[in-house]
A.B. asks: 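Mind having a look at this structure? Questions to follow.
One-based numbering along the sequence shown.
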Amino acid sequence: MILIGALLVGGLAAFLTLNYVRGVENRVGEDTELVEVVVATAPISKGQDASSGIASGQLALAKRARQDIPAGAVTRLADIEGQVAAIDLGGGEIVTVTMFSSVQDLTGSKSASLDPGNVAVTVGVDPMSVSGGLIQPGDLVNLLVKFEIAEGAEGEAGGSESSGVGVNGGNIEVNPVNGYVFQSVKVFAVGTDAGTAVAASEPVEGTPEEVNTSVALTLQMPPEEAALLVSVRDKDLYASLVPADYEMRPIPVTKDFASFPGIQGVTIYEEESAGQ
């Protein structure tokens, strides 16, 4: 029995020793395994564009032992394209995610986020058009403005004695009327801007003052179009959200309509019309 016990203990010890040795060998093998990472092959100055460094070979892929790779190491050149160096690199370093960042993060400037050839312009729009977070940065919107059409001058801004919705000879007349001044414009930022309180034109005793409240909508567009938008910024602008595949088309400004779809009892959706 003593002999059998000794053999069992010896066998267990040999088994544990073998497993330990194999574990050490596996860990050594993992530590020395070569992994591909991004390396600075030459000095890079703070603020230098990563894309230019990649093109010139200052940033390249190289293999390093796993045990030498720091946390957050960058393993793909594509992960830092378009970013800039956040610190000076002397060359030879394994690049980590903290060494490169966007221009905006580095400088605090949002100008780098603008599409080439565009400027950012902020206007106030009707708060109902962006209520509930419906419109977000990156969305496309159409901008409408209120036109007062003079008698006999359809399509031109001007004064008119009549206003509202009326019926004339069976036709519907609307004055003032909203018309599109821009279509498919990219939203850059959305922010709330409460205007100053102004007195109502005919204040009624016991009623609060009217407050000129609008929502600040920042759009990006070519500078020439931005100047045109600013010229109508005080004309009751309204923004409508449109899909990414929205197709622009001419939409004339008119105050005369044959009727409204609700009066005629017809659908306003092309797909449903085609299926009927």
A.B. asks: Tell me whether L237 is reachable from V190 by hopping between hydrophobic residues (I, L, V, M, F, W, Y) whose side-chain heavy atoms are closer than 4.5 Å.
C.D. replies: yes
A.B. asks: For residues V215 and L134: do they belong to one hydrophobic cluster (side chain heavy atoms under 4.5 Å, members Ile, Leu, Val, Met, Phe, Trp, Tyr)?
C.D. replies: yes
A.B. asks: May I ask you to test the L34-R64 pair for a side-chain heavy-atom distance under 4.5 Å?
C.D. replies: no
A.B. asks: Ion pair present between R66 and E33, side-chain N to carboxylate O less than 4.0 angstrom?
C.D. replies: yes
A.B. asks: Take L217 and V187, measure what side-chain contact (heavy atoms from CB on, under 4.5 Å) needs, and give me the verdict at the end.
C.D. replies: CA-CA 7 Å; L217 195 65; V187 177; 4.0 Å; yes
A.B. asks: Do the non-hydrogen side-chain atoms of V35 and K63 ever get within less than 4.5 Å of each other?
C.D. replies: no
A.B. asks: Would you say the side chains of Q58 and Q48 form a donor-acceptor pair under 3.5 Å?
C.D. replies: yes
A.B. asks: State, yes or no, whether a side-chain contact exists between I54 and V38 at a heavy-atom distance under 4.5 Å.
C.D. replies: no
A.B. asks: Quick check: do L219 and F188 have side-chain heavy atoms less than 4.5 Å from each other?
C.D. replies: no
A.B. asks: Tell me, do L143 and L229 make a side-chain contact under 4.5 Å, heavy atoms counted?
C.D. replies: yes
A.B. asks: Are F100 and L61 in one and the same hydrophobic cluster, where Ile, Leu, Val, Met, Phe, Trp and Tyr link if side-chain heavy atoms are under 4.5 Å apart?
C.D. replies: yes
A.B. asks: For the pair L144 and S240, evaluate side-chain contact (heavy atoms from CB on, under 4.5 Å) and give the outcome as yes or no after the intermediate values.
C.D. replies: CA-CA 8 Å; L144 297 96; S240 63; 4.0 Å; yes
A.B. asks: Side chains of Y238 and N142: do they bring a donor and an acceptor to under 3.5 Å?
C.D. replies: no
A.B. asks: Counting only heavy atoms not in E247, do more than 12 sit closer than 6.0 Å to its CD atom?
C.D. replies: no
A.B. asks: Any non-hydrogen side-chain atom of P222 less than 4.5 Å from a side-chain atom of V119?
C.D. replies: no
A.B. asks: Could you tell me if the side chain of P43 sits less than 4.5 Å from the side chain of L89, heavy atoms only?
C.D. replies: no
A.B. asks: Do V74 and T96 have side chains that get closer than 4.5 Å, going by heavy atoms?
C.D. replies: no
